[in-house]
Visitor: 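The following block contains the structure, expressed as C-alpha cells.
Atoms considered below: every heavy atom in the structure, side chains included; atoms not considered: hydrogens, waters and symmetry mates. The shown structure was predicted, so the numbers you read here are calculated from the model rather than taken from an experiment. Here is how names work: the chains are called A, B, and so on, in the same order as the sequence lines, proteins then strands, and each is numbered from 1.
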Amino acid sequence: MKNVYDVLKERGFVEQFTHEEEIIKLLGEESVTFYIGFDPTADSLHIGHFIQIMVMAHMQRHGHRPIALIGGGTTMIGDPSGRTDMRQVMTRERIAENGEKFKKIFEKFLTFEDGKAIMEDNANWLLDLNYIDFLRDIGKHFSVNRMLTADCYKNRMEKGLTFLEFNYMLLQAYDFYVLYHKYGCKMQFGGNDQWSNIIAGADLIRRKDGDSAYGMTFSLLTTSEGTKMGKTAKGALWLDPDKTSPYEFYQYWRNVDDADVQKCLALLTFLPMEEVNRLGALEGAEINRAKEILAFEVTAMIHGKEEAEKAEASAKALFEGGADAEIPGVTIKAEDLGEGLPVLAFLELIELVQSRSEARRLVQQGGIQIEDEKITDIKYEIKASDFVDGALLVKKGKKTYRQVRLEGDQ
RNA sequence: GGGAGAAUGCCCGAGUGGCUAAAGGGGGCGGACUGUAAAUCCGUUGAUUAUGUCUACGAUGGUUCGAAUCCAUCUUCUCCCA
C-alpha cells in the first residue's frame with residue numbers, strides 16, 4: 001500500500017510537520033493512532049472541518065486509526081489561535097448539544113466499527129480537572145516566555161489576550177497527553193492555525209514521558225488570493241442541509257474561481273490524482289466541466305448522491321434551460337395574494353429579500369424576473385392567475401432562483 | 001488600586017455644534033461584459049405607508065433653537081504605573 005504521507009502530500013494537504021523523516025517512516029511501518037480535535041463552537045461543522053475529516057478518511061483508508069476528538073472541554077475556554085477577538089463564552093449545555101451534532105457527521109465519513117476509529121470528548125477529562133494538580137503536573141512544563149513568542153498569540157499581543165484564553169494551549173497539549181496514554185495516540189493533526197498548539201502537545205509528551213510524539217498540520221482552505229474559502233453571504237458554508245441547502249452547497253463549488261478548482265478537487269474529493277490534474281488543466285469555458293464534477297462530488301459526499309443529482313439537475317435546468325427541476329421553493333397561501341399583491345410585499349413574503357427597501361432597489365435595478373419576465377415597476381402586482389400550474393419561478397439577479405407554489409386555489 | 005486614551009453603519013476608518021443617514025476603503029447586492037469564472041466598468045448598500053417620516057455614531061441623563069460632536073454618570077476595551 002502506498003504511504004498515506006505521499007497521498008496527503010500529493011493532494012496538497014500537508015503544510016508543516018514536526019519530524020518529517022520519522023513521520024514518513026512511522027506511517028509506512030505501522031498502523032498509527034492519531035487525533036484531530038474539533039471544538040463544537042457552532043451547531044454544525046463547516047467546510048473547514050471537512051478538510052480535516054478528509055484527512056481522517058484518507059488515513060483510515062490506509063490502515064491508520066483516527067480519533068475524532070470533540071472539544072467539549074476546550075470550547076469552555078475558546079481557542080485564541082488565528083482570532084483577533086475573544087470567543088463568546090458559551091454555556092455548557094450549548095456545547096454539549098453541538099457536540100452531539102458533530103458526532104453524527106463524523107459517523108458519515110468514518111467507520112467506527114471494530115475500533116477502526118474512536119470518538120472522544122475532552123470534556124471527559126477537562127471539566128473536572130483540579131487546578132493545583134494540573135498546574136503542578138502540566139503547567140510546570142510550559143515556559144511562558146516561549147508561549148508568548150508563539151505565533152498563535154502574536155496578533156493577540158496587540159489586541160489583548162485574557163488569561164482564560166492563554167490557557168487554551170495547555171489544555172490542548174494535555175488532550176494529546178491523555179490520548180497518548182489512553183489510546184497510544186502518537187500524532188496530532190490539525191489546520192495550520194493549530195501548529196503552536198500541536199507542538200505544545202508533542203513537546204509535553206516528550207518532556208513528561210520522554211516518548212516520541214508527532215504533529216502535522218494541513219492547509220486551510222483558501223482561495224488563490226489567500227482569503228478564506230467557504231464563506232457565503234450568510235456566513236460559513238455548513239455541512240448541515242438545514243443551514244446550507246444542498247443546492248446552495250452545490251452552487252458554491254460550481255462557482256469557485258478557475259484558479260482554485262484543481263486544489264479543491266484534490267482536497268475535497270477522492271478522485272484519483274490523474275483525473276484531478278486532467279480536470280484542473282482544462283482551459284477557458286472547458287473548465288466548467290471540472291467545476292461541475294467538483295460540485296457534484298463534494299455535494300454527493302456530504303449530502304448523498306441523490307441530493308447531489310437533484311442539485312445538479314436543478315442547476316442545469318436553470319442555467320441551461322430545459323426540464324423542470326427542484327429549486328429551492330416556498331409555498332404561499334392563496335389568501336396571501338388576495339386580489340393582487342404588490343411585488344415588494346411579495347418578494348418579502350417569499351423571503352427573497354430582507355426588507356422592502358431591498359426589494360425596491362432590486363426591482364428598480366432590474367434584478368427581479370418572474371417567469372423570465374423582467375419586473376421593473378415597483379407597483380406591479382402578483383396575482384393568482386400569474387401562476388403556471390400553481391407555481392411561479394422568481395429569479396433574483398443571475399443566480400438566485402425561487403420556486404413559489406400556491407396553496408389553496410381560488 | 002492610580003493615571004492616560006478609545007468606543008462611529010456588515011467590517012476598517014474619517015468626522016470635534018447646524019451643509020451628517022454620516023467622507024473614503026473593503027465586503028455585500030444589482031447591472032454591463034463573460035464561461036453560472038476572474039479582472040474591469042456602472043449603479044446601489046438603515047428602515048418605512050418614500051421628494052415625507054422614523055431610527056441611528058457604546059448606555060443613560062443633561063446643556064443647546066440644534067449634538068456623532070459639549071457636560072455628567074455608567075459599561076466595555078487598550079495603554080502606562082502599582
Visitor: Name the closest nucleotide to the A:Ser355 side chain, picking from B:U36, B:U34, B:A47.
Guide: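 Selected nucleotide: B:A47.
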Visitor: Go ahead and name the base partner of B:A7; Watson-Crick or wobble counts if both distances stay under 3.5 Å, otherwise write none.
Guide: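 Because both required distances fall under 3.5 Å, B:A7 counts as paired with B:U75.
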Visitor: What distance, rounded to whole Å, do you find between the two C1' atoms, one in B:A38 and one in B:A47?
Guide: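 That atom pair is separated by 35 Å.
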Visitor: Check this for me: does any side-chain nitrogen of one of A:Arg361 and A:Glu358 sit under 4.0 Å from a carboxylate oxygen of the other?
Guide: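 No salt bridge links A:Arg361 with A:Glu358.
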Visitor: Check this for me, if you would: do A:Lys310 and A:Glu307 make a salt bridge, where the nitrogen-to-carboxylate-oxygen distance has to be below 4.0 angstrom?
Guide: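 Answer for the salt bridge query: yes.
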Visitor: Rounded to whole angstrom, note down the C1' distance from B:G24 over to B:A59.
Guide: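 It comes out at 29 Å once rounded to the nearest Å.
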Visitor: Rounded to the nearest angstrom, tell me the gap between atom NZ in A:Lys379 and atom P in B:A50.
Guide: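 Roughly 9 Å, once rounded to whole Å.
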Visitor: Calculate the interatomic distance between A:Gln262 atom CD and B:A37 atom C1'; express it in whole Å.
Guide: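 A:Gln262 atom CD is separated from B:A37 atom C1' by 16 Å.
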Visitor: When only distance counts, do a donor and an acceptor, one from the side chain of A:Gln365 and one from the base of B:G43, lie under 3.5 Å apart?
Guide: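 Answer yes: a donor N or O sits under 3.5 Å from an acceptor.
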Visitor: What is the separation between atom CG on A:Leu279 and atom C1' on B:A37, rounded to the nearest whole Å?
Guide: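 Interatomic distance, CG of A:Leu279 to C1' of B:A37: 16 Å.
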Visitor: For B:A47, which nucleotide in any strand shown is its Watson-Crick or wobble partner with both distances under 3.5 Å?
Guide: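 Per the H-bond distance test, B:U53.
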Visitor: With a 3.5 Å limit on both atom pairs, tell me what B:C41 is paired to, counting Watson-Crick and G-U wobble, or say none.
Guide: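 Paired with B:G31.
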Visitor: Taking the six-membered ring for Trp, are A:Phe163 and A:Phe166 parallel (under 30°), tilted (30 to 60°) or perpendicular (over 60°)?
Guide: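 It falls in the tilted class, 30° to 60°.
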Visitor: With both distances under 3.5 angstrom, what nucleotide forms a Watson-Crick or G-U wobble pair with B:G18?
Guide: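 Across any shown strand, B:G18 pairs with B:C65.
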Visitor: For A:Arg254 and B:A37, what is the distance between atoms CZ and P respectively, to the nearest whole Å?
Guide: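 To the nearest whole Å, that distance equals 8 Å.
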Visitor: B:A38 C1' sits how many Å from A:Glu283 CD, rounded?
Guide: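 Between C1' of B:A38 and CD of A:Glu283: 14 Å.
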Visitor: Please determine if a side-chain N or O atom of A:Ser357 lies less than 4.0 Å away from the OP1 or OP2 oxygen of B:U45.
Guide: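 No, outside the criterion.
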Visitor: Per the atom types in the model, does the base of B:U45 pair as donor or acceptor with the side chain of A:Glu358 at under 3.5 Å?
Guide: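 There is none.
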Visitor: Side-chain N or O of A:Lys399 less than 4.0 angstrom from OP1 or OP2 on B:G35?
Guide: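 No, because none of the side-chain N or O atoms of A:Lys399 sits under 4.0 Å from OP1 or OP2 of B:G35.
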Visitor: Taking atom P in both B:G62 and B:C29, what distance in whole Å separates the two?
Guide: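 Roughly 43 Å separates the two P atoms.
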Visitor: Base, sugar-phosphate, or nothing for A:Val256, non-hydrogen atoms under 4.0 angstrom?
Guide: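 The residue A:Val256 makes sugar-phosphate contact but no base contact.
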Visitor: So what does A:Glu286 hit on the nucleic acid, given a heavy-atom distance under 4.0 Å: a base, only sugar-phosphate, or nothing?
Guide: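 A:Glu286: no heavy atom of the nucleic acid under 4.0 Å.
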Visitor: Atom CD of A:Glu348 to atom P of B:A47: distance rounded to whole Å?
Guide: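 Checked: the CD to P distance equals 11 Å.
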Visitor: Once the angle between the rings of A:Phe106 and A:Phe102 is folded into 0 to 90°, is it parallel (under 30°), tilted (30 to 60°) or perpendicular (over 60°)?
Guide: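 Aromatic pair A:Phe106/A:Phe102 classed perpendicular.
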Visitor: Hey, which sits more toward the 5' end of RNA chain B by its nearest nucleotide, A:Arg356 or A:Thr400?
Guide: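 Result: A:Thr400.
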Visitor: Hey, does the side-chain of A:Arg360 have a donor or acceptor N/O within less than 3.5 Å of a partner on the base of B:A50?
Guide: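 Looking at the base of B:A50, it does pair with a donor or acceptor on the side chain of A:Arg360 (distance under 3.5 Å).
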Visitor: What is the distance from NZ of A:Lys395 to P of B:U36, rounded to the nearest Å?
Guide: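 Going from NZ in A:Lys395 over to P in B:U36 covers 11 Å.
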Visitor: Is it true that A:Lys291 and A:Asp258 make a salt bridge, defined as a side-chain N closer than 4.0 Å to a carboxylate O?
Guide: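 Result for this pair is yes, salt bridge flagged.
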Visitor: With sugar-phosphate meaning primed atoms plus P, OP1 and OP2, does A:Ile368 contact a base, only sugar-phosphate, or nothing at under 4.0 Å between heavy atoms?
Guide: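 Contact class for A:Ile368: none.
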Visitor: Salt bridge or not for A:Arg289 and A:Glu292, using N-O below 4.0 Å?
Guide: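 The answer is yes: the pair qualifies as a salt bridge.
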Visitor: When the distance from NZ of A:Lys374 to P of B:G30 is rounded to whole Å, what number comes out?
Guide: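 The distance from NZ of A:Lys374 to P of B:G30 comes to 12 Å, rounded to the nearest Å.
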Visitor: Quick check on B:C29: is either OP1 or OP2 less than 4.0 Å from any side-chain nitrogen or oxygen of A:Arg361?
Guide: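 No, because none of the side-chain N or O atoms of A:Arg361 sits under 4.0 Å from OP1 or OP2 of B:C29.
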Visitor: By nearest nucleotide on RNA chain B, pick out whichever of A:Asn255 and A:Gly366 is the more 5' one.
Guide: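 That would be A:Gly366.
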